[in-house]
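Remember, it's 1-based here, ligands and their atoms both numbered in the order they're listed. Everything numeric in this text was worked out from a predicted model, so none of it was measured. Computation of the quantities below employed the complete heavy-atom set of this structure, encompassing side-chain atoms and omitting hydrogens, waters and symmetry-equivalent molecules.
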Amino acid sequence: MKFKIQKPRGTKDILPEEQKFWQYIFDKIEKYAKSYNFNRLETPIIEFKDLFTHSIGEGTDIVEKEMYEVSRFNKTLIEEDDKDQMVLRPEYTAGIIRAYIENGMQSLPQPVKLFSCGPVFRYDRPQKGRYRQFWQFNLEIISDASPLTDTLLILLIWQIFQDLGLKEDIVIDINSIGCKACKPKIKKKITEYYKKYLDIVCDSCKKRFVTNPLRLFDCKEEKCQKIIAGAPQIIDNLCSDCKKHFTQVLEYLDELNIPYDLNLKLVRGLDYYTRTTFEFRDLKDSGRQSSLGGGGRYDNLIESYGGRSTPAIGFAGGIERIVEKIKEKNLKISDQKGPDVYIIQIGEKAKRKALILLKSMGEKGITATCSFGKESLKAQLKEANKLKSRISLIIGQREALDNSVIIKDMEDATQETIDIKDLENILLKKLRNE
Ligand code: AMP
């Protein structure tokens with residue numbers, strides 16, 4: 001059978017040589033998440049479609065055209081799951097909240113702080129910084145309504161970006177889009193204003209007018225931009241509680257010296273957002289792919305799923321875009337370490353000894369490797385150099401017979417023959433630089 005050896009459009013192989021960037025980012029996320037007492041939660045990649053339709057909202061790009069539906073080949077097998085359509089998750093929050101409710105996390109000490117990191121899927125037109133499968137790191141603080149919490153979350157993300165070496169490259173856009181009480185009134189004000197321009201606006205805006213009026217502010221078309229400029233400001237129409245909440249968030253950010261830009265048109269498309277919305281944006285990039293991460297409050301989502309009324313706030317950052325940014329900046333990330341030990345073996349007897357050594361080193365936590373398919377000393381030494389192993393062990397035919405091993409320090413090129421029973425001690429000393 002002939003088939004193309006080709007990855008699906010919009011996906012990426014994260015090659016071994018790229019892993020150092022990913023690891024660098026994961027390590028920072030984990031370090032800060034843990035220091036602020038977030039616990040890791042991972043949810044399934046497949047979930048029921050309704051979970052997202054309900055939270056993200058009809059009329060959003062994600063729900064209308066970007067979700068991947070999951071189908072099974074052998075549909076004659078009827079399982080309970082077949083009753084409802086399943087999708088690949090297009091984002092994390094809905095699944096996290098489902099897990100929070102389903103696993104009774106309401107009875108844990110609140111707030112519950114959760115972090116996650118994994119792939120999400122959206123069918124979009126692929127280009128630089130825009131993939132169909134991409135990784136997000138996700139942070140949620142559930143059951144805390146205080147504006148201090150909004151600031152705390154922004155602080156944590158700010159510290160991650162700072163520690164990644166990207167502080168100078170990002171700007172935080174922030175806005176408030178109101179609560180259950182004032183958001184509908186704001187939407188009404190905006191639609192009243194837009195009514196007189198409906199003949200002029202683009203087709204997408206005509207749809208947004210009906211399905212999701214706040215998203216009218218997201219339009220990048222030049223003709224619509226002029227209309228956006230004259231539209232009523234959300235901030236002028238917030239209720240007094242929302243105004244107070246937002247003012248406090250900004251004051252706390254000022255106190256912490258975290259710079260931000262008020263972006264009064266930042267609405268973030270998803271239906272579940274309330275009050276504070278924010279985005280970490282690449283300063284130098286004004287395009288659609290400039291957002292490195294975004295988040296906001298969603299104080300009514302848990303209640304709308306049938307849970308107890310519980311305020312919450314979350315954030316999702318895009319790992320591929322951060323990797324690209326780090327590469328673009330030429331930040332020096334130290335190379336992945338090679339194995340501690342490379343075992344060179346010559347002859348059948350030596351191969352068996354190597355196998356036993358691999359087993360005992362694995363048990364001691366020493367990273368060790370070997371190429372059983374290679375026979376010559378030269379080829380194996382070359383491999384050890386390429387892999388940047390710290391030490392090579394050589395077992396030739398003679399060593400295999402008299403139970404000895406040559407230990408070669410790959411850094412200073414010194415070597416000695418030792419009894420195999422002394423190997424562990426000598427090796428550990430060398431690895432600890434004693
Ligand atoms: P969103 O859930 O749309 O707010 O996205 C959160 C973050 O995920 C964005 O700020 C991006 O960094 C990243 N992101 C969103 N869509 C894509 C995509 N198609 N490809 C790569 N990264 C993305």
- Under 6.0 Å between ring centres, would you say that holds for Phe278 and Tyr260? no
- Query: Taking the non-hydrogen atoms of Arg132, is any one of them nearer than 4.0 angstrom to ligand 1?
  - Reply: no
- To which of Lys128, Lys325, Glu279, Gln136 does the heavy atom nearest atom 8 (O) of ligand 1 belong? Gln136
- Query: Relative to the heavy atoms of Gly293, which atoms of ligand 1 are at a distance of less than 4.0 Å?
  - Reply: 10 (O), 12 (O)
- Query: If every non-hydrogen atom of Trp22 is compared with every non-hydrogen atom of Ile14, which pair is closest and at what distance?
  - Reply: NE1-CG2, 3.4 Å
- Message: In terms of relative ring orientation, are Tyr193 and Tyr197 parallel, tilted or perpendicular, with 30° and 60° separating the classes?
- Response: tilted
- Within less than 4.0 angstrom of ligand 1, does Glu91 place any heavy atom? no
- Message: Counting non-hydrogen protein atoms only, what is the nearest one to atom 21 (C) of ligand 1? Give residue, atom name and distance.
- Response: Gly129 O, 3.3 Å
- Message: Nearest non-hydrogen contact with atom 2 (O) of ligand 1 belongs to which option: Arg130, Gln133, Arg122?
- Response: Arg122
- Query: Among Phe121, Tyr123, Tyr131, whose heavy atom sits nearest atom 20 (N) of ligand 1?
  - Reply: Tyr131
- Query: Just which atoms of ligand 1 are under 4.0 Å from any heavy atom in Ala316?
  - Reply: 6 (C), 7 (C)
- Query: Is a salt bridge present between Lys226 and Glu222, judged by a nitrogen-to-oxygen distance below 4.0 Å?
  - Reply: no
- Establish, yes or no, whether the cationic atom of Lys265 lies under 6.0 Å from the six-membered ring centre of Phe217 and within 45° of the ring axis. yes
- Does the pair Glu375/Lys351 count as a salt bridge with the N-to-O cut at 4.0 Å? yes
- Task: Answer yes if the ring centres of Tyr92 and Phe137 are under 6.0 angstrom apart, and no otherwise.
- Result: no
- State the atoms of ligand 1, each with its element, that fall below the 4.0 Å cut-off from a heavy-atom position in Ser291. 9 (C), 10 (O), 11 (C), 12 (O)
- Look at atom 4 (O) of ligand 1 and say which protein heavy atom is nearest, naming residue and atom and giving the distance to 0.1 Å. Arg268 NH2, 2.6 Å
- So, are Glu192 and Lys189 salt-bridged, with charged N and O less than 4.0 Å apart? no
- Message: Polar contacts were defined as any N/O atom of the residue lying under 3.5 Å from an N/O atom of the ligand; does this apply to Phe134 and ligand 1?
- Response: no
- State, without any angle test, whether Asp163 and Gln159 hold a side-chain donor-acceptor pair at a distance under 3.5 Å. no
- Sub-4.0 Å heavy-atom approach of Asp124 to ligand 1: no
- Query: Has ligand 1 got any nitrogen or oxygen that is less than 3.5 angstrom from a nitrogen or oxygen of Gly317?
  - Reply: no
- Query: Is Glu320 close to ligand 1, meaning an N/O of one under 3.5 Å from an N/O of the other?
  - Reply: no
- Query: With a cut-off of under 6.0 Å to the ring centre and 45° to the axis, is Lys113 in cation-pi contact with Tyr36?
  - Reply: no
- How close does the nearest protein non-hydrogen atom get to atom 13 (C) of ligand 1, and which residue and atom is it? Gly318 CA, 3.6 Å
